[in-house]
There are 2 protein chains.
Amino acid sequence: MNIKDFSKKLKLSITTVSRALGGYSDVSEKTRKRIILQAKKYNYSPNPNASRLASGKSNTVGFVVSLYGLNTNTLNQAGFFEFISGMNKKLQSEDVQFFMMFANDSEEEKNAYNKLINVHKVDKIILHNLKINDERIKLLKKNNIKFVAWGRTKNLQNYSWVDLDNEGSINLIMDYLFNKNHKNIAYINIVENYNFAFQRQQAYLKSLKKNNIKFNKNNYITVKTEEPDQAALLIKKMLTKNKKITALICSTEYSAVGAIKACNSLNKKIGKDISIITFDSPVVSTLTNPLITAVSHPRDKLGLNAIEMLIEMDNKNYKHKSYLAKPKIIERGTVHKVKK
Amino acid sequence: MNIKDFSKKLKLSITTVSRALGGYSDVSEKTRKRIILQAKKYNYSPNPNASRLASGKSNTVGFVVSLYGLNTNTLNQAGFFEFISGMNKKLQSEDVQFFMMFANDSEEEKNAYNKLINVHKVDKIILHNLKINDERIKLLKKNNIKFVAWGRTKNLQNYSWVDLDNEGSINLIMDYLFNKNHKNIAYINIVENYNFAFQRQQAYLKSLKKNNIKFNKNNYITVKTEEPDQAALLIKKMLTKNKKITALICSTEYSAVGAIKACNSLNKKIGKDISIITFDSPVVSTLTNPLITAVSHPRDKLGLNAIEMLIEMDNKNYKHKSYLAKPKIIERGTVHKVKK
DNA sequence: ATATTTTACCAAAACGTTTTGGATGTCAAA
DNA sequence: TTTGACATCCAAAACGTTTTGGTAAAATAT
């Protein structure tokens with residue numbers, strides 16, 4: 001069933017059917033309703049390839065998933081599926097398509113963006129896992145592709161983005177710990193060059209300053225995010241060296257797993273002798289023992305807002321926007337109160 | 001740059017260019033090479049919407065991701081990304097597209113398949129998370145859509161599938177345990193209605209019989225897969241009731257996490273007093289403490305073979321195939337030898 | 001030397017839409 | 001009664017390919 005047969009059935013022109021379904025005002029509401037009803041009945045829906053060819057618009061959002069680097073199977077994808085789930089709500093209601101590509105290495109990743117633009121002709125792209133400086137932004141701007149970044153570069157050029165409120169989250173954590181009289185708060189950073197990690201680390205330093213606590217380099221280490229065992233080793237070393245530490249802030253979930261191991265091996269009771277707090281994830285919220293107190297974020301809202309922005313961008317007078325997901329602390333008993 | 005301008009540049013007809021890139025034999029190898037070379041130079045690639053419209057073939061593989069039910073953020077997606085990674089290799093080289101849809105509930109899931117077929121006009125579909133009886137198979141057969149199942153129904157109708165060798169894996173585990181003199185082997189099943197779980201459980205019973213061990217209902221429980229804590233509770237109960245148990249086979253990774261908790265709370269030393277073995281995953285291989293001995297499978301091969309089959313299906317005389325991933329045991333020290 | 005087959009190319013139709021630029025009829029204002 | 005504005009519809013062109021059904025030249029067979 002194509003538009004020709006369908007319009008013949010309704011004794012209307014092809015044009016009228018097309019414009020009725022397209023939502024144009026030069027079709028009376030009465031006929032429009034009839035057309036929509038009959039389309040359902042005859043199971044007619046416009047051939048998307050013909051539509052896209054004729055209109056020159058693909059109405060498709062592209063996305064490249066990197067299947068390398070971070071431990072792709074857990075951490076990375078955890079947030080990923082929450083994001084997708086949020087996106088999905090808008091996609092469905094707005095009839096926008098979503099096209100994913102996969103890259104097994106960085107060479108493939110570069111190609112993927114070019115393919116997305118030149119071969120698959122997507123209109124719009126969602127960028128994720130942003131680096132501190134991200135060259136993909138140049139590529140997209142050069143090709144005049146609309147995009148929303150999931151995450152931010154260090155220097156915000158003029159583009160739209162959605163992100164966790166990393167600084168706000170760290171502040172929330174720090175205040176939470178200060179309220180429980182923690183003074184010697186250690187920070188576990190990651191070596192990888194992601195901007196979210198940089199933001200968190202910077203916020204930690206800033207918060208120390210604001211609260212008149214001098215930065216102590218024995219309270220600070222940097223670990224590989226995908227290797228909890230390496231983290232465990234370094235954290236153990238740190239805790240042995242600096243016995244005054246009462247709380248550990250872990251920049252990522254995997255290092256929190258390492259922190260648990262380190263504490264266990266030193267026979268430090270988590271939530272009694274020492275506190276652990278991190279960013280929420282399915283890992284620390286369901287799999288670790290004990291479950292870990294964490295700042296949680298509505299990551300699905302990120303996805304939803306990203307798609308919303310991409311759609312709004314079709315308006316001529318769109319101004320770049322941003323969205324920060326609001327953090328909140330989920331207590332799971334791994335943070336204790338220090339006696340004054 | 002479209003085919004018209006491009007062919008004009010090369011002083012060739014549109015037809016010749018199209019057929020050269022399509023790999024037809026009515027173009028000399030010399031001109032074909034020239035065309036391919038120049039296409040790269042001028043960054044020409046056929047508009048996919050026009051191609052698909054003209055040819056009537058979408059050359060697209062569809063996939064529906066269910067964002068509900070199982071704990072989507074970890075378990076489910078773990079295998080998922082390995083699978084995708086394998087698929088990707090074939091997709092890239094064969095120039096097949098991959099189109100994903102997402103479903104936040106079972107209603108959306110049903111709609112998704114219909115949309116995939118009627119709206120997005122995909123040629124082929126990969127089915128996953130198969131139920132013991134799966135009604136989606138009927139839908140696809142009725143609509144004459146080519147598909148490969150990732151997993152199997154209980155009664156194999158005539159279709160192509162790829163799957164873990166669940167029976168082989170359980171046999172491998174059982175023999176491995178028997179060799180270490182285990183006799184009282186408990187089995188942790190899951191309540192969910194997935195066929196992989198059914199196959200594993202059946203294989204366990206079969207293996208007992210083959211080795212002349214009577215099934216003991218005190219060695220067998222059924223838990224919810226997404227709730228390690230519930231699993232821990234039930235396993236603890238079982239171990240308290242039946243003190244003779246020396247080994248636990250966990251049907252899924254999450255129940256293995258529960259098993260660890262149960263053993264810890266009973267002060268049973270894992271790998272000394274009691275053994276735990278399960279199916280491999282990023283969870284039990286990197287996150288648990290201790291890491292758990294498990295049967296591992298090359299899940300990326302599943303994806304690769306699935307795409308291979310889908311492509312082969314274009315041949316008129318294709319006969320339905322299947323592929324079983326070969327299991328192997330990864331020792332991580334949680335299985336001990338029992339004294340005779 | 002002639003007839004036949006093969007090779008290498010091409011013009012035009014077809015795919016199913018959207019969009020442009022009217023056409024017709026109705027209604028209110030002059 | 002006439003004029004202009006508006007509402008509602010439509011025919012035809014355009015989008016960029018693939019495919020069909022050819023033709024001419026070259027190679028091969030007779």
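Sequence lines set the chain letters: A, B, ... in the order given, protein chains first and strands last, and positions in each chain run from 1.
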Please find out if less than 6.0 Å separates the ring center of B:Phe98 from that of A:Phe99.
-> no

For residues B:His128 and B:Phe63, establish whether the separation of their ring centroids is below 6.0 Å.
-> yes

Please round to the nearest 0.5 Å and tell me the distance separating atom CG of A:Leu164 and atom OH of A:Tyr323.
-> 9.5 Å

To the nearest 0.5 Å, tell me how far A:Arg19 CZ sits from A:Ser25 OG.
-> 8.0 Å

Between A:Thr31 and D:dT8, is there a side-chain N or O to OP1/OP2 distance below 4.0 Å?
-> no

Side chains of residues 137-148 of chain A: which donor-acceptor pairs under 3.5 Å do they make with residues two or more places apart or in other chains?
unit_1, atom_1, unit_2, atom_2, d
A:Lys141, NZ, A:Asn158, O, 2.8
A:Asn143, ND2, A:Leu139, O, 3.0
A:Lys146, NZ, A:Asp314, OD1, 3.1

Encode nucleotides 17-22 of chain C as B, S and - characters from 5' to 3', where the letter depends on protein heavy atoms closer than 4.0 Å: B to the base, S only to sugar-phosphate, - to neither.
-> BBBB--

Sugar-phosphate, base or nothing in reach of B:Ser25, heavy atoms under 4.0 Å | nothing

Considering residues, nucleotides and ligands other than B:Lys89, do more than 12 of their heavy atoms fall under 6.0 Å from its NZ?
-> yes

Please report, rounded to the nearest Å, how far the C1' atom of C:dG16 is from the CG atom of A:Leu21.
-> 13 Å

Report yes if the distance between the aromatic ring centroids of A:Phe80 and B:Phe81 is under 6.0 Å, otherwise no.
-> yes

d(B:Leu37 CG, B:Tyr42 OH) to nearest 0.5 Å is 11.0 Å

Atom CZ of B:Arg32 and atom P of C:dT7 are separated, to the nearest Å, by 13 Å

In degrees rounded to 10°, what angle is found between the helical axes fit to the five outermost pairs at each end of the helix from C:dA1-D:dT30 to C:dA30-D:dT1?
-> 40°

Starting at atom CG of A:Asn49, determine the distance to atom P of C:dG16, rounded to an integer number of angstrom.
-> 11 Å

Would you say a side-chain N or O of A:Ser13 is under 4.0 Å from OP1 or OP2 of D:dA11?
-> no

Whole angstrom value for the distance that separates P of C:dA11 from NZ of B:Lys8 = 11 Å

